[in-house]
Amino acid sequence: MLDTYEDTQSRGAYQVPTQPAMPITAPHQAVPGYLQTPPTNPRRSNGMRTGAIVALSLVLLLVLGVGLFAGWQFGRTSTTTGGSTLQPGTGSQSTIPSQTGNNDQAVREAVLAKVRPAVVEVNVTTQQGGAIGSGVILDGRGYIVTNNHVVDGAQSMTVTLYDGTNLQAQLVGTDPADDLAVIKITPPSNGLTVVQLGDSSKLTVGQDVMAIGNPLGITQTVTNGIVSALGRSVSEGQGGATISNAIQTDAAINPGNSGGALVDMQGHLVGIPTLTAIDPEFNTPASGVGFAIPSNRVATIVPQIISTGSVTQNG
C-alpha cells in the first residue's frame with residue numbers, strides 16, 4: 001500500500017470606626033448627639049422585603065432562561081465528541097437541497113459551495129525540502145485536521161485558505177497510529193467555514209461521495225465516485241500506520257489529496273483521504289482504489305488532540 005505521496009518520499013507530504021456606646025433609652029426616644037432612626041413600620045418593611053425577593057427571583061429566572069437558550073443555540077451548531085466540543089465556524093453556510101434523482105448536479109454544486117471553503121492546502125518545509133498536502137477546518141478557532149504523514153518532520157507550515165489567504169500554522173498534536181494530526185491557524189477577521197462531521201457508520205457501499213483536496217499541488221480539485229467497500233484494514237507500509245475500518249472509494253485520490261475531505265451528498269465529512277493501493281505488476285498507484293480514514297475515528301481523535309495535544313483514550 002502506498003500513502004498518497006509515497007511515490008515521491010517515504011511517508012512524507014507531497015513535496016503551533018466605631019462610635020461611643022449609645023445610651024439605653026425607651027423605644028424611639030431621641031438621644032442628644034446621635035442620629036436617630038425613625039420608627040420602622042413592620043408591615044412596610046415586610047412588604048419591601050417580599051418585593052425584593054420576588055424581583056431577585058425574576059432576575060435569576062431571566063438569567064437562567066438566557067443561559068439555557070444560549071446553550072440550546074450553541075448545541076445546534078457545535079459537535080460534542082470525545083469529551084470535548086468542536087466550535088462552529090462563522091463563515092457562511094450553504095443550503096443543500098434534498099436529492100431527488102433528477103437534481104444530482106444541483107446537489108453536487110451545493111455540497112461543494114458548502115464544503116470547499118473548509119478545505120485548505122497545507123504547505124510544509126522539511127529538511128528534505130517542500131511538500132504539499134491538504135487539510136480540513138473542523139473548529140472555528142482555527143483547528144485543522146490533516147494526515148500525520150503530511151506534517152511529519154515539518155520545520156514550518158503555512159496554510160492556504162480557499163480565498164487564497166496564506167497563514168502560518170502550528171502543530172497542535174499528532175496520532176501516528178491513525179495517521180492523523182491537528183494543526184492550528186489564527187482565524188482571519190471574517191472567520192472560518194467549518195465542515196460538519198458525518199457518521200461514517202451509516203455509509204453504504206455504492207453511496208455517492210466526493211473527494212476534495214490539492215492533488216499534485218493543483219488546488220481545490222474535486223473528484224467524485226462511490227463508496228467501493230467498507231471496513232478495510234490497510235497498511236501504509238513498513239513503519240507506517242495501519243488504518244482500521246478504512247473507507248474504500250473509486251473517487252480519484254492522488255499525491256497531495258492526503259488530509260483532504262471525503263464528503264457525502266449532504267455535505268458531511270465522512271472520511272480523510274489518505275492513501276491509494278499499489279499495482280504490484282507496475283509498482284504504481286492503482287487507479288480508482290483509494291482509502292480514507294473514517295470520520296468517526298476523526299471524531300474520537302481530534303477533540304483529544306485539541307484538548308491535550310495527544311491521544312489519551314484510544315477507544
Side-chain angles (χ1 to χ4, degrees), residues 76-81 84-96 107-123 132-147 150-151 157-170 172 180-200 209-215 218-224 247 249 251 253 256-274 292-299 301-303 305-306:
R76 293 176 63 199
T77 54
S78 62
T79 303
T80 302
T81 49
S84 182
T85 301
L86 295 177
Q87 305 294 323
T90 56
S92 61
Q93 293 288 338
S94 301
T95 301
I96 300 173
V107 171
R108 280 196 298 269
E109 290 175 355
V111 169
L112 293 177
K114 180 178 182 178
V115 177
R116 289 177 74 187
V119 180
V120 304
E121 179 181 300
V122 180
N123 296 276
I132 296 176
S134 303
V136 185
I137 305 172
L138 284 186
D139 188 292
R141 294 168 295 182
Y143 292 102
I144 297 169
V145 64
T146 185
N147 282 136
V150 169
V151 300
M157 287 180 288
T158 60
V159 163
T160 303
L161 302 182
Y162 177 69
D163 63 2
T165 301
N166 291 306
L167 300 169
Q168 291 293 320
Q170 295 78 41
V172 177
L180 290 172
V182 175
I183 61 178
K184 187 180 186 303
I185 59 174
T186 299
S189 58
N190 60 341
L192 293 168
T193 297
V194 171
V195 76
Q196 183 179 351
L197 279 172
D199 185 350
S200 55
V209 288
M210 291 189 293
I212 309 171
N214 305 284
I218 305 173
T219 61
Q220 292 291 328
T221 294
V222 181
T223 56
N224 74 292
I247 302 164
T249 179
I253 297 175
N257 268 116
S258 286
L262 186 71
V263 299
D264 62 18
M265 292 301 105
Q266 288 76 50
H268 299 147
L269 181 75
V270 294
I272 302 294
T274 301
I293 301 168
S295 60
N296 285 9
R297 190 59 182 162
V298 175
I301 300 302
V302 169
I305 295 178
I306 290 176

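At a threshold of 4.5 Å between non-hydrogen side-chain atoms, the residues V195 and L138 count as touching. Residues I247 and V209 fail the side-chain proximity criterion, which asks for heavy atoms closer than 4.5 Å. Using a 4.5 Å cut-off on side-chain heavy atoms (C-beta onward), L167 and V120 make no contact. Using a 4.5 Å heavy-atom cutoff, the side chains of L161 and L192 are in contact. Contact check for V302 versus Y143: no side-chain heavy atoms found under the 4.5 Å cut-off. Between T160 and T219 there is no side-chain heavy-atom pair separated by less than 4.5 Å. Here the side chains of Q266 and Q196 are not in contact, with every heavy-atom distance at 4.5 Å or above.
Atoms CD1 and CD, on I183 and Q168 in that order, are 11.0 Å from each other to the nearest 0.5 Å. One distance of note links CZ of R116 with OG1 of T193; it measures 12.5 Å at 0.5 Å rounding. Between the CD1 atom of I306 and the OG1 atom of T85 there is a distance of 10.0 Å, given to the nearest 0.5 Å.
When all heavy atoms of I272 and G259 are compared, the closest pair comes out as CG2-CA, 3.5 Å. Scanning both residues, A292 and L262, for their nearest heavy atoms gives CB-CD2, 3.9 Å. Contact record, P303 with A299: CD-O, 3.1 Å, taken as the closest heavy-atom pair. Between A169 and I185, the closest heavy-atom pair is CB-CG2, 3.9 Å. Heavy atoms only, all atoms of each residue included: V270 and S200 are closest at O-CB, 3.7 Å. Nearest heavy atom pair, residue N257 against residue I212, reads ND2-C, 4.1 Å.
Using a distance-only test at 3.5 Å, with no hydrogens or angles considered, a donor-acceptor pair links the side chain of T146 to the main chain of S134. A distance-only check finds a donor-acceptor pair linking the side chain of S295 to the backbone of G198 [under 3.5 Å]. In this structure, D139 contributes its side chain and Q87 its backbone to a donor-acceptor pair below 3.5 Å. Side chain of K184 to main chain of R141: a donor-acceptor pair is present (N/O by atom type, distance under 3.5 Å, no hydrogens or angles). At least one donor-acceptor pair under 3.5 Å links the side chain of N214 to the backbone N or O of Q220.
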Applying side-chain contact (heavy atoms from CB on, under 4.5 Å), run through I305 and V145 and close with a yes or a no. CA-CA 10 Å; I305 295 178; V145 64; over 6 Å; no
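Residues passing the side-chain contact (heavy atoms from CB on, under 4.5 Å) test with D199, sequence neighbours excluded: S201, K202, N296.
N147 and T274 are linked by a side-chain donor-acceptor pair at a separation below 3.5 angstrom, with hydrogens and angles left out of the test.
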